[in-house]
Each structure stands twice: as structure tokens, then as C-alpha cells.
Amino acid sequence: MHPDLSPSLPVIPEVSAELWTSAVRVLDANWVGDHTVPSRTLHPHQRSWDTAFTAIGLAYVNQPRAWRDLGSLFAAQWPDGRVPHIAFDPDTPEDAHFPGPRFWNVPAYAGRPARSSTGLVQPPLHALAAWEVYRHAAAHGADAVQQARIELDRLYPRLVAQQEYLGDRRDAGGGGLASIVHPWESGLDDSPAWDEALAAVPANPGLLDRAVSGAAHPPADTDHARYAGLVLDYQAGGYSDTGLAERHAFVVECPGFNAVLATAELALAQIAGVLGRPSEARRHRERARDVTAAIGRRLWNPETRTFHARDVRTGRLSPARCVSGLLPLMLPDLEPDQVDGILAELRSERFGLPAPSHDRTAREFDAHRYRRGPVWINVNWLLRRGLLVHGRRDEAEELRRRLVRLVHHSGHFECFHPEEGGGLGTSAFSRTAALCLDLLADRSAPAYARAA
Ligand code: GLC
């Protein structure tokens with residue numbers, strides 16, 4: 001193990017100061033006027049859950065920009081409530097990112113005057129982000145608090161519409177969970193969690209020449225043809241969600257996605273409380289409990305004692321043990337036995353802290369390939385939240401320190417080698433930078449928030 005990943009190294013003040021400054025610099029450089037892009041090079045358009053993570057960091061240093069970022073994304077929300085996984089920047093050329101706006105060809109009703117989008121979604125982390133930005137408003141003065149309430153009021157119905165879309169139209173399995181219709185919707189694009197379900201998706205060789213532009217370790221070509229084919233199929237049905245399980249080739253319940261869905265309900269309960277809507281707050285808490293129970297019922301494997309993705313078309317749980325299976329730890333109402341199972345998995349040789357994206361002992365584990373091995377800050381940030389929710393303060397603190405040292409040592413990369421700690425994928429990555437601010441602020445905020 002790399003020395004900087006070794007246990008119990010304290011976060012020293014100079015590390016915190018340097019990292020804080022460099023993180024703010026990354027976020028400034030990736031701000032394009034009314035939103036933040038994940039990366040100027042590899043991901044030049046606004047991304048749904050990246051925007052949520054970014055707002056969580058911006059909450060400390062620039063509240064107006066945090067709200068503006070969320071507001072820009074929701075300006076691309078569809079009338080049916082879905083929040084697109086990419087909102088395209090009209091000034092960025094079509095070929096800067098594949099697939100670009102023309103490929104997606106979304107129905108006119110879904111387009112906003114200035115922004116076109118994809119028709120897919122991503123984990124709905126935005127309610128939690130809005131709540132976090134609001135929570136930190138007080139540190140920026142009375143005007144910021146007043147503005148935060150206005151912003152919450154404006155966003156609330158849109159956040160609710162997003163939840164209703166996912167909870168109703170995307171409940172393709174009829175069991176109270178949202179399905180994803182494409183691996184990209186999980187935010188864990190090439191995870192082994194999809195291997196089995198994806199193998200049943202036809203791969204059209206005609207789509208093989210369209211490579212992921214600039215990706216350091218792009219997915220295997222056949223998988224990429226499947227990704228493109230799934231988009232075209234969903235598009236051919238007008239991006240409608242009716243009868244998905246019967247007609248769409250990839251319909252999967254992801255434990256990570258649904259853990260975020262339930263977490264969003266809990267955040268909405270808090271927001272509804274601030275907005276003086278107690279009965280709605282109650283409803284959100286009930287929804288969170290229902291989704292939690294459905295995750296426990298449908299995605300838990302009592303033999304592996306962890307959560308797995310479920311293929312709605314076959315009813316089978318994926319055999320892969322992926323980091324997404326640990327994310328239900330975020331849910332306070334998870335069965336104690338399931339909490340214990342996740343903690344055991346996390347502490348086992350398969351994962352460890354920080355957790356890699358996939359089981360280290362698995363055949364498909366690949367330290368260099370995006371979701372098949374590398375460590376991601378955002379996923380570990382969610383896991384840390386889970387540790388805190390269940391009172392594992394020491395492990396949460398250890399994880400915080402290791403993440404901070406990892407990024408300080410290697411830079412604001414997209415992801416990191418799970419053994420050596422070196423940066424992988426694109427650099428100057430917004431989500432990593434933003435979450436570093438939150439991780440640092442947990443202990444050292446008073447000093448550095450003022451400096452920023
Ligand atoms: C990759 C990730 C996805 C993210 C995007 C931009 O595609 O898998 O989660 O939104 O990059 O950062």
C-alpha cells in the first residue's frame with residue numbers, strides 16, 4: 001500500500017491549506033458562466049450528479065454559484081420531471097463529447113430554449129445538495145440565509161417532480177424501486193454490476209467506430225456499442241417509460257441509485273420542514289422508509305451479505321460485489337443485520353478504506369479501469385456519510401483523512417489507483433475538488449473558509 005494511503009496519518013494544517021486553495025482554483029477554472037463543468041477537457045457539458053456534488057463544495061466558498069449551478073441544471077428538467085444526466089452547453093461543438101446533442105435528438109417538448117439534453121437520468125442527489133447548501137448559508141451572513149430560503153422554495157417543487165418521475169414512471173419492476181435503463185444512469189458506468197445484464201443487450205457493430213472521446217481507459221468496444229444501442233432504443237420509443245420491462249433490453253435496480261433516491265426523500269423532508277410544510281415532510285419520511293424497505297427486500301443477498309443490482313427482466317441479482325452494494329449504508333432505517341453485512345464487507349479484504357469501486361479479490365477487478373477498481377472520491381464521500389449515519393465516527397474520520405491525503409498527494413483527479421494512489425482519468429475534476437472542500441471543512445472549516 002502506498003504510504004500516503006496508510007492508516008492514521010493526521011491531516012496537517014499545511015496540507016489542508018494547500019488542498020483548499022487548489023480545490024477552489026479547480027472550481028473557479030471549471031465555472032463557465034452559469035454552471036460548472038466536471039472537466040474542461042473530458043466532460044465539457046453540465047452533468048447531473050456532478051452538479052450536486054459540486055454544489056456541496058461551493059456551499060463553503062460561493063453560495064450564489066452553488067444555487068446558480070443547481071438552477072441551471074433544473075432549467076433543463078423535462079416536463080415529466082426527469083432531470084437529464086447531461087445538459088448540453090450550446091457553445092460547445094457537437095464533436096467535443098460523444099454522444100453529442102444531435103445523437104440524443106430529444107423530443108422538442110423536452111428542450112428548453114437555450115439547452116438541449118440527454119434523455120437519461122443520474123442518481124438524484126440534488127435534494128441533499130440543496131439541503132447542504134442551505135445548511136451552510138448561515139456562515140455567509142443573513143442575506144445568504146434569506147437567499148437560501150428563496151432558492152429552496154424555488155427548487156422544492158422541481159426536486160419533488162424529479163422524485164415522482166423516478167418513483168412512479170421508473171418503477172419498472174413494480175416493487176417500489178426506480179430502475180435504470182442504461183449503465184450511464186448509475187453514475188458508475190462500466191461497473192461489473194452491469195456485466196451480466198449488459199451481456200444480453202445486442203451489440204451493433206455499426207456503432208463500434210464511435211469511441212468515447214479522450215477517455216483514458218474507454219470501455220471495451222462491444223460494451224460501447226451496447227451503450228449507444230441502448231440510447232437509440234430508448235430514443236426510438238420517444239424516451240417513454242411505459243412497458244420498459246417488456247421492451248427495453250436493460251432494466252436494472254441499482255442499490256446505489258436507490259439509496260440516493262431514499263436519501264433525497266430524507267433531504268426533502270428537511271427542506272419541507274424549513275418551508276413550513278409538515279405534512280409533506282412526513283410524506284417524504286414515509287417514502288424514504290418505503291424505498292429503504294424495498295432495497296432491503298429486493299436487493300439483499302443473504303448469502304453474500306451485501307446488496308446487488310437486480311435485473312428486472314430476469315429477476316436475477318448480479319453476482320458482482322460492487323461498491324454500489326455498500327451505498328445503502330447511507331440509510332438510517334436499514335435493517336441492523338444489513339448494516340452489519342455492509343460494514344463487514346467494507347472492512348474485508350474485498351474493499352477497505354477508501355473503498356475501491358469493485359471487489360479487490362474479484363476476477364474482473366482492474367486497478368486502472370474506471371468503475372472496475374479505482375477509488376472514487378464521490379462514492380467514498382457517500383460511504384463516509386453512511387458511516388456517520390450509523391455512528392461509526394472513528395472509521396468515518398479515518399476515511400476522511402485518507403481521502404484528503406490521497407487527493408493532496410495526487411491531485412484533483414477523476415479517480416485513483418486503488419493500491420498506489422496515483423491519479424487516473426482526467427485531472428482538474430470538479431467533483432473531487434468540491435468534495436475535498438467538504439472533507440476539509442469538517443474539521444478545519446473555520447480557518448480556511450475565512451481564507452477563501
Ligand atoms: C463519468 C462518470 C459519471 C460522471 C461523468 C462526469 O461518466 O461515470 O458518473 O457524471 O463521468 O464526471
Side-chain angles (χ1 to χ4, degrees), residues 1-30 38-43 50 53-54 56-58 60-61 215-217 323 346-347 349-358 360 365-385 387 394-445 447-449 451-452:
M1 179 176 272
H2 190 278
D4 279 292
L5 294 182
S6 66
S8 300
L9 286 169
V11 178
I12 51 174
E14 299 78 69
V15 167
S16 304
E18 267 176 40
L19 192 57
W20 187 276
T21 308
S22 63
V24 171
R25 212 179 296 127
V26 168
L27 293 178
D28 285 348
N30 289 345
S39 138
R40 287 270 180 178
T41 49
L42 192 56
H43 305 294
D50 296 68
F53 286 118
T54 301
I56 288 167
L58 284 175
Y60 295 94
V61 291
H217 297 279
V323 76
L346 197 53
R347 292 167 182 153
E349 57 171 351
R350 283 188 286 278
F351 287 93
L353 297 175
S357 40
H358 189 42
R360 294 176 196 269
F365 179 79
D366 181 341
H368 287 97
R369 268 183 69 195
Y370 277 102
R371 263 45 195 245
R372 305 179 81 85
V375 164
W376 291 73
I377 301 299
N378 66 327
V379 171
N380 277 280
W381 185 90
L382 295 171
L383 283 175
R384 177 170 180 271
R385 201 182 156 83
L387 289 168
D394 291 351
E395 275 162 298
E397 176 57 10
E398 196 55 56
L399 178 55
R400 183 185 81 88
R401 290 176 184 205
R402 291 184 193 184
L403 293 173
V404 163
R405 291 197 64 92
L406 177 61
V407 183
H408 180 253
H409 175 262
S410 300
H412 296 281
F413 274 85
E414 199 171 6
C415 52
F416 301 86
H417 192 287
E419 276 114 32
E420 292 155 14
L424 297 168
T426 193
S427 57
F429 190 52
S430 297
R431 211 161 71 185
T432 298
L435 294 178
C436 272
L437 295 181
D438 187 68
L439 291 167
L440 286 168
D442 225 73
R443 278 291 166 84
S444 50
Y448 299 118

Side-chain heavy atoms of His368 within contact of Leu424, under 4.5 Å: yes
Leu27 versus Ser430, closest heavy-atom pair with distance: CD2-O, 3.6 Å
Smallest separation among heavy atoms of Pro418 and Pro374, with atom names: CD-CA, 3.9 Å
Interatomic distance, Leu439 atom CG to Arg405 atom CZ [nearest 0.5 angstrom]: 14.0 Å
Contacts of Arg347 that satisfy salt bridge (charged side-chain N to carboxylate O under 4.0 Å, His left out) - sequence neighbours left out: Glu395
Check: Arg431 side chain, Asn378 main-chain N or O, donor-acceptor pair, under 3.5 Å: no
Pairwise side-chain contact, Leu58 with Leu437, heavy-atom cut-off 4.5 Å (strictly under): no
Nearest-0.5 Å distance that lies between atom CG in Leu440 and atom CD in Glu18: 11.0 Å
Nearest non-hydrogen partners of Gly373 and Ser357, listed with the distance: N-OG, 2.9 Å
Arg372 (side chain) donor-acceptor with Asp366 (main chain) under 3.5 angstrom: no
Salt-bridge contact Glu397-Arg400 (side-chain N to carboxylate O under 4.0 Å): yes
Under 3.5 Å donor-acceptor, Ser22 side chain and Leu19 backbone: yes
Polar side-chain atom of Trp20 near backbone of Ala441 as donor-acceptor pair, under 3.5 Å: no
Minimum side-chain heavy-atom gap Tyr60-Asp438 below 4.5 Å: yes
Point-to-point distance, once rounded to the nearest 0.5 Å, from CG of Leu406 to CZ of Phe416: 5.0 Å
Nearest non-hydrogen partners of Asn30 and Phe429, listed with the distance: ND2-C, 4.4 Å
Shortest non-hydrogen separation from Asn380 to Ala355 and the atoms involved: OD1-N, 2.7 Å
Arg402 (side chain) donor-acceptor with Pro354 (main chain) under 3.5 angstrom: no
Arg40 side chain to Ala428 backbone, donor-acceptor under 3.5 Å: no
Heavy-atom closest contact (Thr432 atom, Glu414 atom, distance): OG1-O, 4.1 Å
Euclidean distance, Leu383 CG relative to Leu353 CG, rounded to 0.5 Å: 8.0 Å
Gap separating the NE2 atom of His412 from the CD1 atom of Ile377, nearest 0.5 angstrom: 10.0 Å
Under 3.5 Å donor-acceptor, Ser39 side chain and Thr426 backbone: no
Min side-chain heavy-atom separation Phe53-Leu382 under 4.5 Å: yes
Point-to-point distance, once rounded to the nearest 0.5 Å, from CG of Leu403 to CH2 of Trp376: 14.0 Å
Check against side-chain contact (heavy atoms from CB on, under 4.5 Å), His358 and Arg371: CA-CA 7 Å; His358 189 42; Arg371 263 45 195 245; over 6 Å; no
